[in-house]
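Letters A, B, ... are given to chains in the order of the sequence lines, protein chains preceding strands, and every chain is numbered from 1.
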Number of protein chains: 2
Amino acid sequence: MYTYEYPRPALTVDCVIFGLDENVLKVLLIQRLKAPFEGSWALPGGFVDMRETIDHAAQRELQEETGLENIYMEQLYTFGDVDRDPRGRVVSVAYYALVKFEDYKKVRGATDAMDAAWFAVSELPPLAFDHDKILALAHQRLKNKLRYQPIGFELLPEKFTFSQLQTMYETIWQKELDKRNFRKKILQLGFVMELEEYQTGHQHRAPRLYKFDKEGYLSREAKGADFEG
Amino acid sequence: MYTYEYPRPALTVDCVIFGLDENVLKVLLIQRLKAPFEGSWALPGGFVDMRETIDHAAQRELQEETGLENIYMEQLYTFGDVDRDPRGRVVSVAYYALVKFEDYKKVRGATDAMDAAWFAVSELPPLAFDHDKILALAHQRLKNKLRYQPIGFELLPEKFTFSQLQTMYETIWQKELDKRNFRKKILQLGFVMELEEYQTGHQHRAPRLYKFDKEGYLSREAKGADFEG
DNA sequence: TAATTGTCTTGTATAAAATACACTAAGATT
DNA sequence: AATCTTAGTGTATTTTATACAAGACAATTA
């Protein structure tokens, strides 16, 4: 038992993990093992330990509930409404990340969850707590972030075609893009490197493969990829 | 005394309040009344009560320590390193806002602080805790936000001249702008309304006054003031 | 009242970036 | 060889960003 002079809210973390399955944006959910919301689907998450940073808590909870390890997540927002948890006052710091769906396609419910599974963002089950709000904000942020930073490469295999890249952008933005202009813009940004390899095995012309050009990206960033001034 | 089954971090809020004094970007600090860091300058802030949202806690603490009331603040980031507070584990949700410096020029240390005062962002005293980190992040965010949203009008009097507006942008961005191009861009954005009034009393041509055009801004936002696609 | 001072206000030419748009190329299959 | 399907490419137009200099006007002073 732990005693304090003043009452303290409990502190949790919640993780919004996005992945791209073909052309569908999905999110990783767990099925809750305990009350409240027993059996409901929810974002992976849990209580922050005293001896870990909140970033670490997010990583740990994700691992414990879904098995995903070493996922770099970014802090999203802290949710602190008074009645967001029926157990009492619980403040939750939300994180989000993009992962390669292929690498984590088969998730199992790990230690602290009945089950874990991917759901299309457009067809979600009812979620526990205020997790629908958290997820909506994360989706919003994802869309914005993609504009300025070359995240999203994390969603693709190491070598990818221009079609795959474009489809990813179209999926996350929910909008069709022109092939030629898209190619022009991406090449101009210098985020990708052309490879001398082609993706074969389909019944049509073999598309060239590309990979993310980290150096190109960083040198651009150093130059100051600023928009205004 | 309050007892819990598991230990809990304490939860605080901290507020970064920016104001523009002539051409100098300033931030509102308080001088701490108690240990730790007694007598040090720090961001206004304090513990979250059980029956208030974290947003409310930020407003309340700001009021209690500086007297500023009804300031709309935006959540910035949550700081959760293990050793950021010598008293033990304390997680802090940071908020930031812009206020009209003129309206709050004379701050007093209110109930919970020895003193409160404005400091130029470029000439800060040593700060308590990790408040330098918080402030740096807030400044960063402020600069970015100004690009996309017409905040900053909160920093000016209701009626302002183009010079004042431009000087504000130059101060926050720390960069000189071309007068003609600046005027063109702002007018094109439709954020301001021309008034039939002029600012007199100086020994030179009287500049026209403008005010923030909320309708113009909102209609633009509805149209989708998007940058890409 | 004419000249001076200091800021306010305005336009145009050029360069860069975004957009719209349609055909040929090349594997795979029949 | 013909067909199917996706890959790949260029140009003209519009929009936006940038660079840049002179006259307008109110107040003050000679």
| query | Has the side chain of B:Lys179 got a donor or acceptor that lies under 3.5 Å from a partner of the other kind on the base of C:dT10? | reply | no
Which of parallel (below 30°), tilted (30 to 60°) and perpendicular (above 60°) describes B:Tyr210 and B:Phe162?
-> perpendicular
Check for a donor-acceptor pair, side chain of A:Gln31 on one end and backbone N or O of A:Gly39 on the other, with a separation under 3.5 Å.
yes
Measure distances between side-chain N and O atoms of B:Arg205 and base N and O atoms of D:dC25, and say whether any donor-acceptor pair falls under 3.5 Å. no
A:Glu197 CD to D:dA7 P, in whole Å, measures 17 Å
Separation of C:dT9 atom P from B:Leu165 atom CG, nearest Å, is 12 Å
When you measure from the side-chain N and O atoms of B:Arg208 to the phosphate of C:dT9, is any distance below 4.0 Å, counting only OP1 and OP2? no
Whole-Å distance, A:Phe182 CZ to C:dA17 C1', equals 17 Å
Answer yes or no: does a side-chain N or O of A:Thr200 lie under 4.0 Å from OP1 or OP2 of C:dG27? no
The residue, A:Arg180 or A:Gln203, whose nearest nucleotide of DNA chain D is more 5′ is A:Gln203
When B:Ser163 and B:Asp178 are each assigned the nearest nucleotide of DNA chain C, the 5'-most assignment goes to B:Ser163
Any N or O donor-acceptor pair under 3.5 Å from the base of D:dT18 to the side chain of B:Lys185? no
Query raised in the report: Does the pair B:Glu194/B:Lys211 count as a salt bridge with the N-to-O cut at 4.0 Å?
Result: no
From CD of B:Gln164 across to C1' of C:dC8 the rounded distance in Å is 13 Å
### Message
At less than 4.0 Å, is any side-chain N or O atom of A:Arg183 found next to OP1 or OP2 of D:dT9? Yes or no.
### Response
yes
Rounded to whole Å, the CD1-C1' distance (A:Ile186 to C:dA18) equals 14 Å
Nearest-nucleotide check on DNA chain C, A:Asn181 vs A:Gly201; residue mapping nearer the 5' end is A:Asn181
If the plane angle is over 60° it's perpendicular, under 30° parallel, otherwise tilted; pick one for A:Phe119 and A:Trp41.
perpendicular
Rounded to whole Å, the CG-P distance (A:Leu177 to C:dT19) equals 10 Å
When rounded to whole Å, the CD to C1' distance for the pair A:Gln199 and D:dA7 reads 11 Å
Here the distance between atom P of C:dG6 and atom OH of B:Tyr198, to the nearest Å, is 24 Å
With a 4.0 Å cut-off, would you call A:Glu74 and A:Lys145 a salt bridge? yes
Exercise. Is there a donor N/O on one and an acceptor N/O on the other, under 3.5 Å, for the side chain of B:Lys184 and the base of C:dT10?
Worked result: no
inquiry  = Just to be sure I understand the rule, does A:Thr161 reach a base, reach only the sugar-phosphate, or reach nothing, if contact means heavy atoms closer than 4.0 Å?
reply    = nothing
